[in-house]
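In what follows, every heavy atom counts, from backbone to side chain, and hydrogens, waters and symmetry copies are set aside. The residues of the chain are indexed from 1 along the displayed sequence.
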Amino acid sequence: MVDFAGWSMPVQYASIVAEHQATRTAIGLFDVSHMGRLRFDGPAAADFLDRVTTRRVRDLKPGRIRYSLITNDSGGILDDVLVYRLEDSAGQPSCLMVVNASNRTKIVEWLKPRLAGAEGVRFGDVTFDCAMIAVQGPQALAAAQPIVEAEVHRLKYYQACETRVAGHRGIVSRTGYTGEDGCELIVEAAGARGVWEALIAGGATAAGLGARDTLRLEAAMPLYGHELNEEINPYQAGLAFAVDLEGRTFPGRDVLARAKGDPHLPQRVGLEIDGKRPAREGNPILDQGRRVGHVTSGTLSPTLGRPLAMGYVESQYASSGQRLEVDVRGQSLTAHVVELPFYRRT
């Protein structure tokens, strides 16, 4: 168990590799209650979020989810988030924003002055009112269905609905952070233990932070504090799809419009490294001895059996097939830039 943004979190229950492989082949179960959950109610909620995030929210239909970003006035990334557009059984609309645990307080404080002038929006941090449990893997939906009233298989990728989960009020969404199919369950805190135990009884393998990291890295999903921070803009990070510039205003919008296509900014790349020794965050990336970038995440891939890494390099070295080296504690390891993601489920 380790401290993670103020939460006591398991690195592993038994074996990182076993938990990783269970998620790739069957069902991995992750307690992700540390993720921040911010709720926006009222007729102007969608319009408000449209003004503070990089993707459109106004045209988001009830039941849909979008991956988006919150940027500062310089275009740097304050956080990457999921925005849910929901509608209850009475037809009342609301929005939910899921933020990273380490950024929850920062984002809430950033939102407060903007909410002060937003009429028709009611805001609440509901993180501590509910649990969030991710069920991931090729058998995940079948495992979740017995405790979810909604028909989970009918949800498309990045869809959600309010429903009952193990008899408690909740939300089910077809989302995840592993590269596998699956869903995430948000449920009243009182129901969390029952949900967890029912899924374990149904054959799920409990998985911790270690497997969550190796799974997301294979799927090339960026992690805040590693691939994303306030000094990196979305285009450098390969997240151009998460920025809607036309006909909109949001913090950093004009800066990002100028930065789009800038050939001088370092770019996020994937690296396959020769041998079995993994690179780690901060290791220098070299071209003939000259530093041209740095590693942001690295691991020995349990699925592919070879070292993988992501990092930022000068743009002229970002092409697939480019040969580079990574300095791992004084040893120069040959690496090649490859297309992302490293792993894609069939």
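With a 4.5 Å cut-off on side-chain heavy atoms, Asn103 and Ile70 do not count as touching. Counting heavy atoms from C-beta outward, Tyr235 and Asp262 have side chains that stay 4.5 Å or more apart. For the pair Leu185/Val187, no side-chain contact is recorded, criterion being any heavy-atom separation below 4.5 Å from C-beta on. At least one side-chain heavy atom of Val135 sits under 4.5 Å from a side-chain heavy atom of Ile27. Contact check for Cys183 versus Leu141: side-chain heavy atoms found under the 4.5 Å cut-off. In this structure, the side chains of Val243 and Phe250 come closer than 4.5 Å at one or more pairs of heavy atoms. Side-chain contact between Met1 and Pro10 is present, with at least one heavy-atom pair separated by less than 4.5 Å. When side chains are defined from C-beta on, Pro251 counts as touching Trp110, because their heavy atoms get closer than 4.5 Å.
Listed for the Glu218 side chain is a donor-acceptor partner under 3.5 Å among the backbone atoms of Thr303. With hydrogens and angles ignored, the 3.5 Å screen pairs a side-chain donor or acceptor of Asp79 with a backbone N or O of Asn100. A donor-acceptor distance shorter than 3.5 angstrom exists from the side chain of Thr53 to the backbone of Arg55, with no hydrogens or angles considered. Asn283 contributes a side-chain N or O that, together with a main-chain N or O of Arg280, makes up a donor-acceptor pair within less than 3.5 Å. Within the 3.5 Å criterion, the main-chain N or O of Thr178 finds no donor-acceptor partner in the side chain of Arg212. Looking at Asp287, its side chain never comes within 3.5 Å of a backbone N or O of Arg290 through a donor-acceptor pair. With hydrogens and angles disregarded, no donor-acceptor distance shorter than 3.5 Å links the side chain of Ser297 to the backbone of Met310. Listed for the Glu19 side chain is a donor-acceptor partner under 3.5 Å among the backbone atoms of Ala14. For the pair Arg85 (side chain) and Pro62 (backbone), a donor-acceptor distance under 3.5 Å is absent. Between the side chain of Asn233 and the backbone N or O of Gln236, at least one donor-acceptor pair lies under 3.5 Å.
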Passes side chain to side chain contact (heavy atoms under 4.5 Å, CB included), Leu38 versus Leu111? Steps please.
CA-CA 11 Å; Leu38 311 178; Leu111 286 168; 4.0 Å; yes
Side chain to side chain contact (heavy atoms under 4.5 Å, CB included), that's the test. Do Thr334 and Arg323 meet it? Break it down for me.
CA-CA 7 Å; Thr334 300; Arg323 182 186 183 280; 3.4 Å; yes
Report the C-alpha separation of Ser102 and Tyr224 in whole Å, then their side-chain angles, then the decisive distance to 0.1 Å, and conclude whether the side-chain hydrogen bond (donor to acceptor under 3.5 Å, both in side chains) test is met.
CA-CA 9 Å; Ser102 59; Tyr224 199 89; over 6 Å; no
Steps toward side-chain hydrogen bond (donor to acceptor under 3.5 Å, both in side chains) verdict (Ser332, Glu325):
CA-CA 6 Å; Ser332 182; Glu325 301 91 40; 4.7 Å; no
What do the steps show when you test Val81 against Ile107 for side chain to side chain contact (heavy atoms under 4.5 Å, CB included), and what is the final call?
CA-CA 10 Å; Val81 303; Ile107 295 301; 5.8 Å; no
For Asp213 and Thr299, run side chain to side chain contact (heavy atoms under 4.5 Å, CB included): C-alpha distance rounded to whole Å, both residues' side-chain angles, the deciding distance at 0.1 Å, then the answer.
CA-CA 9 Å; Asp213 193 54; Thr299 193; 5.8 Å; no
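Surrounding CD of Glu151 are at most 12 heavy atoms belonging to other residues, nucleotides or ligands under 6.0 Å away. Within a 6.0 Å radius of CZ in Arg58, more than 12 heavy atoms belonging to other residues, nucleotides or ligands are found. Counting non-hydrogen atoms of neighbouring residues, nucleotides and ligands closer than 6.0 angstrom, the CD atom of Gln316 exceeds 12 such neighbours.
Linking Ile, Leu, Val, Met, Phe, Trp and Tyr whenever their side-chain heavy atoms come within less than 4.5 Å puts Leu78 and Met97 in one cluster. Linking Ile, Leu, Val, Met, Phe, Trp and Tyr whenever their side-chain heavy atoms come within less than 4.5 Å leaves Tyr177 and Leu217 in two separate clusters. Cluster annotation: Leu115 and Leu96 are assigned to distinct hydrophobic clusters (Ile/Leu/Val/Met/Phe/Trp/Tyr, side-chain heavy-atom contacts under 4.5 Å, transitive). Note on Leu223 and Ile77: separate hydrophobic clusters, where clusters join Ile, Leu, Val, Met, Phe, Trp and Tyr whose side-chain heavy atoms are under 4.5 Å apart, directly or indirectly.
When the side-chain contact (heavy atoms from CB on, under 4.5 Å) test is applied to Lys156, the partners found at least two apart in sequence or on another chain are Arg64, Gln159.
Note on Glu184 versus Arg37: no salt bridge recorded, every NZ/NE/NH1/NH2 to OD/OE distance being 4.0 Å or above. Asp88 has no carboxylate O lying under 4.0 Å from a charged side-chain N of Arg169, or vice versa, which leaves the two without a salt bridge.
Each of Arg24, Arg345, Arg174, Arg216 was checked for a salt bridge (charged side-chain N to carboxylate O under 4.0 Å, His left out) with Glu180, and the lone residue meeting it is Arg24.
By the 30° and 60° cut-offs, the orientation of the rings of Trp7 relative to His34 is perpendicular.
Applying the side chain to side chain donor-acceptor pair (under 3.5 Å) test to residues at least two apart or on different chains, the pairs with a partner in residues 238-249 are Asp50-Arg248.
For the residue pair Thr23 / Gln136, no side-chain donor-acceptor distance below 3.5 Å is found, with atom types taken as modelled. Between the side chains of Ser315 and Gln267, not a single donor N or O lies within less than 3.5 Å of an accepting N or O. No hydrogens or angles considered: a donor-acceptor pair under 3.5 Å links the side chains of Asp80 and Tyr67.
Annotation: the span from Asp254 atom CG to Leu245 atom CG amounts to 9.0 Å, rounded to 0.5 Å.
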